[in-house]
2 protein chains.
Amino acid sequence: MKKISDSTINRLSKYFRTLERLKAKHIETISSDEIAEIDGVTSAQVRKDLSFFGTFGKRGLGYNIEDLKNIIGKILGLNKQWNVGIIGVGNIGMALIDYAEFKKRGFQIKLLLDSDENKIGKHVKNLEIKSFSEAITHLKKENIQIVVIAVPASAAQNVADVVTSAGIGAVLNFAPLNLKTPDGVMVKNENMSIELEALSYFLTNK
Amino acid sequence: MKKISDSTINRLSKYFRTLERLKAKHIETISSDEIAEIDGVTSAQVRKDLSFFGTFGKRGLGYNIEDLKNIIGKILGLNKQWNVGIIGVGNIGMALIDYAEFKKRGFQIKLLLDSDENKIGKHVKNLEIKSFSEAITHLKKENIQIVVIAVPASAAQNVADVVTSAGIGAVLNFAPLNLKTPDGVMVKNENMSIELEALSYFLTNK
DNA sequence: AATTGTGAACCTCTTCACAGCT
DNA sequence: AGCTGTGAAGAGGTTCACAATT
């Protein structure tokens, strides 16, 4: 499959949300121009992004909202259920367990791991926190496909090593460092402080 | 000031963390090649990023770690204290209050606002949750410079309207939609679900 | 008349490659 | 000899502009 840029994929996620909202308002069709306006991009960008995957619109008329939503959902794999494991049940891990957006999109949190003796055995939202020392067994048993790393920076590389050795191929990393992983493993980084620092830069240099 | 790309600014944040860690290990100098290796970029990229701001290295020798860390900190404005207000004390807002990385970088959370009657008046980490209906008064009183929006999508645009009308020029938005703000206001988006969806796309299409 | 789909033009960011310092 | 700093080349992403379609 042809390489599609990260930006295109991220924008598809945005369009998907927009279409979801419009569908809830019982609107039936929309133009690339309107999607663009709502999502803060250009209409050519919307059409180009979609064109990588097919031709979904009707010239002169625009796109059918429900159809386009389903198409983008399928492209992104949001028509499936994904089993997600969270490693590190601290502030961030805890917040994610309750994050409505995840479940809504088919991301089911099936496993919580921590290495803190005081947390292991406790329950959060009907899920028992298990020991990270048995990570590989649990990841396989729960058939986890995506791992969220929410441990301190000092522990993150080890966590990455363990989960990739268990065959995990997709990682969402909240630890503020660059993880080294084997080829074929996809790591996405989420670092809330980095965006704040970009704001700090902006305020400092504007 | 010449426009610097977001990617460059984000990478400077990464280099900064790397230098901070190296400094803690009492290493004194480093080459662009070594920074690149740690942060997963090319050495030319590191040198180019730095070159937008000045010449900080010594040919043949590399960079002094402490000096470079201070220089980047100054570029990013991390040598100052920033007053941050969090709007929406739900799961995410709550997690941010405790997020160590923030305080470490000079981001001081000074204000918590919510519009839920059951939360107003409660204390979280020595901070009282105030009513969003008095947002403007509180933002001014606490001299807030950066606002974090951690409310549901349906409420986010109104929150953005209120805080920008109070003169806030920097917003970190956790709500999964594109906010419309007046010119001169910088909005950075943080959407944990979008990165998960990129992983979903990868797993679906690899 | 309106709006898509897309090649071509454009622009921006990244990498190359090497002269210039230390 | 080793490594930086940077102009030039290259790659990749975005926007333009218009033919094609409804």
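Below, chain A is the first sequence line, B the second, and so on; all start at residue 1.
Going from atom CD1 of A:Ile4 over to atom P of D:dG12 covers 13 Å, rounded to whole Å. Rounded to an integer number of Å, the gap from CD1 of B:Ile9 to P of C:dT14 is 12 Å. Straight-line distance from the CD atom of B:Glu34 to the C1' atom of D:dT4: 14 Å, rounded to whole Å. Distance B:Ile30 CD1 to D:dG2 P: 18 Å, rounded to the nearest Å. The interatomic distance linking A:Leu50 (CG) with C:dG5 (C1') rounds to 10 Å, in whole Å.
Side-chain atoms of B:Thr8 and B:Asp49 form a donor-acceptor pair, as typed in the model, at a separation below 3.5 Å. Judged by distance alone, the side chains of B:Glu34 and B:Ser31 do bring a donor and an acceptor atom under 3.5 Å apart. Side-chain contact of A:Asn189 with A:Asn173: a donor-acceptor pair under 3.5 Å is present, judged by distance alone. Counted by atom type alone, B:Arg105 and A:Ser200 present zero donor-acceptor pairs between their side chains at under 3.5 Å.
Between B:Gln45 and C:dT15 there is a side-chain polar atom (N or O) within less than 4.0 angstrom of OP1 or OP2. In this structure, A:Thr42 does not reach the D:dT14 phosphate: none of its side-chain N or O atoms is under 4.0 Å from OP1 or OP2. A close approach under 4.0 Å does occur between a side-chain nitrogen or oxygen of B:Tyr63 and OP1 or OP2 of D:dG5.
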Any protein N or O atoms within reach of nucleotides 18-20 of chain D? Criterion: under 3.5 Å, listing atom names and distances.
from	atom 1	to	atom 2	distance (Å)
D:dA20	N3	A:Arg59	NH1	2.8

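Where A:Ser7 and B:Lys58 each meet DNA chain D at their nearest nucleotide, the meeting point lying more 5' is that of B:Lys58.
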Using salt bridge (charged side-chain N to carboxylate O under 4.0 Å, His left out), reason through B:Glu134 and B:Lys130 one step at a time and then give a plain yes or no.
CA-CA 8 Å; B:Glu134 274 116 50; B:Lys130 305 278 174 62; over 6 Å; no
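Picking from D:dT6, C:dT6, D:dT14 the nucleotide with the shortest atom distance to the side chain of B:Ser51 gives D:dT6. Of all nucleotides listed (C:dT14, C:dT3, D:dT15), C:dT14 comes nearest to the side chain of B:Arg11.
The two atoms that bring B:Phe16 and B:Lys69 nearest to each other are CE1-O, 3.3 Å, heavy atoms only.
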